[in-house]
> 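Got a structure for you, written out below as structure tokens; questions coming shortly.
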Amino acid sequence: MGAVTVAVTRRSFMKGLGVTGGAGLMYGAMSTIGLAPATASTPAFRAPARSDLIGRVDGHHSVVVLGGGPAGLCAAYELGKAGYDVTVLEARRRPGGRVWSVRAGTEETDLNGEKQVCTFADGHYFNLGATRIPQSHVTMDYCRELGVELQAFGNQNANTFVHYSSDTALSDRSITYRAAKADTYGYMSELLQKAASRGALDDVLTQADKDALSEFLSDFGDLSGDGRYVGSTRRGYTSEPGAGLDFGTHEPPFAMTDVIRGGIGRNFSFDIGYDQAMMMFTPVGGMDRIYYAFEDRIGTDRIEYGSEVTALQNTTEGVRVEYTRDGAPRVVDADFAICTIPPHLVTRLNHNLPADVVHALGAAEPSSSGKLGIEYTRRWWELEDRIYGGASNTDKDISQIMFPYDHYNSDRGVVVGYYSSGKRHLGFESLTHKQRLAKAIAEGAEIHGDKYTRDIASSFSGSWRRTRYSESAWASWQGAGGSHGGEATPEYTLLLDPVQNVYFAGDHLSNAIAWQHGAFTSARAVVTSLHERVAAS
């Protein structure tokens, strides 16, 4: 996406520097902005350091960043390395934007007018925003660079449950992931084995192919010697094996037709998706640790919290941004602006953006999603169900129940009672917190039993669409089919380019929408583009 535009920009930049400063300057500046590696092993992007710019970019260059979320703080951090004068305007009183962690003392008044104050026990929290990091994401690199300690995140757990409605005997029945997988994979293997052995695949497989497939299916499905799936210890035990002659007991498999029609494997593809496959990670103490680390590196003197932007204007000299802070109107003038405000909120500002840009911003559709944390004084999921992390999945409105990945074997913990999106979350969005909790407990008890209703100390919930300054979980581009990236719609593509002195950045302008990685890669692309422009001027 945008490959031709990027290539042209790179060529014109190389030519301009080559003429004015020679090959050495050209190569050095390209290396600075990530367009030419110093060695074959250097990553494609290397953030500019202050020392890189000596003798290349003269004078004072100022940038105002609108929004102190992932994209805004990343951009400010990288530009700060290069010596730019950066000011971050953030409407909230904290860093991180949509990425926030709820712990004792957290206060939030939503757009429904309801105020919540978190009363979790000390040290306990849950991430109401982003909660996990894939190994491949640049977020891991920033955690290393910023000194943010990581721990493993249990994205999937064989002991959690699947619970779905169907017209079979498995309807509304809590089934462990391990049993569901064993039966689904077992019957799939048996059916494919039969198809191959009866000649149904002879037009695509040789005999050698079929022999190799048979060997694989026997192991993958744990089939019997005659190619049938008759059950497996992979399903787990109702009584664990012990010493001596105690071989344990396990139940027979569910009927093949029930497994197929019941759809108990409908969520298996989740944990093999590129961005969801184990291992997954998360910062110790909450995802917001990343953004407080950014704040520390950038400096609190460069971040103005409680600053609500009201106007964004291109001027003949650069940009002018108007905002209110502590009820007083203020103005900041700068050479450039990087706008990371959610696209559907940008058009509410007093602006002089062109009509096509306004139209493009309007093509980013807000999405509905939210979470609820329930603090229990007894970790029943560990004591009774042997569940340590991971999530139970259901087709009820709660969608999933996520179990804590911290404080194992302690006396209490915070369970995410729902993390739902889209139509399912609409069932929670307009409710009061008390109503959300009641609904979540009722649906959760159908999956995990009456223990789900007991030993509750406190709770906290949030809906991104009902959260001030967000009003969306992430953006879905019109015409992209709800994709989380990889669709270059005309509106998306238009916003990749600056509008005079205004640049746009955020996960919505990346191929990893709804991920911190997307916000970071977008910010880095903007930093590179802006720095290229300054270096060439």
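Only a predicted model underlies this, so the values are computations on that prediction, with no experimental measurement involved.
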> Check salt bridge (charged side-chain N to carboxylate O under 4.0 Å, His left out) between Asp326 and all other residues, then give those that pass, not counting sequence neighbours.
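Residues passing salt bridge (charged side-chain N to carboxylate O under 4.0 Å, His left out) with Asp326: Arg93.
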
> Can you list every salt bridge (charged side-chain N to carboxylate O under 4.0 Å, His left out) pair that touches residues 424-439, not counting sequence neighbours?
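Residue pairs with at least one partner in residues 424-439: Asp397-Lys439, Glu429-Arg465, Lys439-Glu443.
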
> For residues 335-357, which residue pairs pass the salt bridge (charged side-chain N to carboxylate O under 4.0 Å, His left out) check, not counting sequence neighbours?
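Salt bridge (charged side-chain N to carboxylate O under 4.0 Å, His left out) check on residues 335-357 returns Arg348-Glu471.
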
> Are the side chains of Ser62 and Thr87 in touch, meaning some heavy atoms are under 4.5 Å apart?
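Heavy-atom side-chain distance check fails, nothing below 4.5 Å.
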
> Is there a side-chain contact between His433 and Ser459 (heavy atoms, below 4.5 Å)?
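They are in side-chain contact.
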
> Could you tell me which residues satisfy salt bridge (charged side-chain N to carboxylate O under 4.0 Å, His left out) with Asp141, sequence neighbours excluded, listed by chain and number?
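Here the qualifying residues are Arg144.
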
> Taking C-beta and beyond as the side chain, do Val415 and Phe403 meet within less than 4.5 Å on heavy atoms?
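Sidechains of Phe403 and Val415: in contact.
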
> Between Asn155 and Met278 (side chain of the first, backbone of the second, donor and acceptor by atom type, cut-off under 3.5 Å), is there such a pair?
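No, Asn155 side chain to Met278 backbone: no donor-acceptor pair under 3.5 Å.
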
> How about Phe126 and Leu372: do any of their side-chain heavy atoms sit closer than 4.5 Å?
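Not touching, per the 4.5 Å side-chain cut-off.
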
> Side chains of Thr310 and Asn350, heavy atoms from C-beta outward: is any pair under 4.5 Å?
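No; the side chains remain at least 4.5 Å from each other.
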
> When you compare the side chain of Val357 with that of Val502, does any pair of heavy atoms fall below 4.5 Å?
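No, too far: nothing below the 4.5 Å cut-off.
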
> Give the intermediate values and the outcome of salt bridge (Lys or Arg N to Asp or Glu O under 4.0 Å) for residues Arg302 and Asp85.
CA-CA 9 Å; Arg302 294 187 176 274; Asp85 181 5; 3.0 Å; yes

> Any side-chain heavy atom of Ser470 sitting closer than 4.5 Å to one from Arg92?
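They are in side-chain contact.
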
> So does Arg325 get a backbone contact from the side chain of Ser307, meaning a donor-acceptor N/O pair under 3.5 Å?
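Such a contact is absent between Ser307 side chain and Arg325 backbone.
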
> Keeping Trp477 on the side-chain end and His508 on the backbone end, is there a donor-acceptor pair under 3.5 Å?
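Answer holds: yes.
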
> Pairs under 3.5 angstrom only: tabulate donor-acceptor contacts from the side chains of residues 514-522 to other protein residues two or more places apart or in another chain.
| residue | atom | partner | partner atom | Å |
| --- | --- | --- | --- | --- |
| Trp515 | NE1 | Asp275 | OD2 | 3.4 |
| Gln516 | OE1 | Tyr291 | OH | 2.5 |
| His517 | ND1 | Val138 | N | 2.9 |
| Thr521 | OG1 | His517 | O | 3.1 |
| Thr521 | OG1 | Gly518 | O | 3.0 |
| Ser522 | OG | Gly506 | N | 3.0 |
| Ser522 | OG | Gly506 | O | 3.3 |

> Only pairs at least two apart or in different chains count here, so list each ring-ring contact (aromatic ring centres under 6.0 Å, His included) that has a residue in residues 311-352.
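Every pair satisfying ring-ring contact (aromatic ring centres under 6.0 Å, His included) with a residue in residues 311-352: there are none.
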
> Find out whether Leu353 and Val346 are in side-chain contact, i.e. whether some heavy atom of one side chain is under 4.5 Å from a heavy atom of the other.
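The answer is yes, as the side chains (C-beta and beyond) meet within the 4.5 Å cut-off.
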
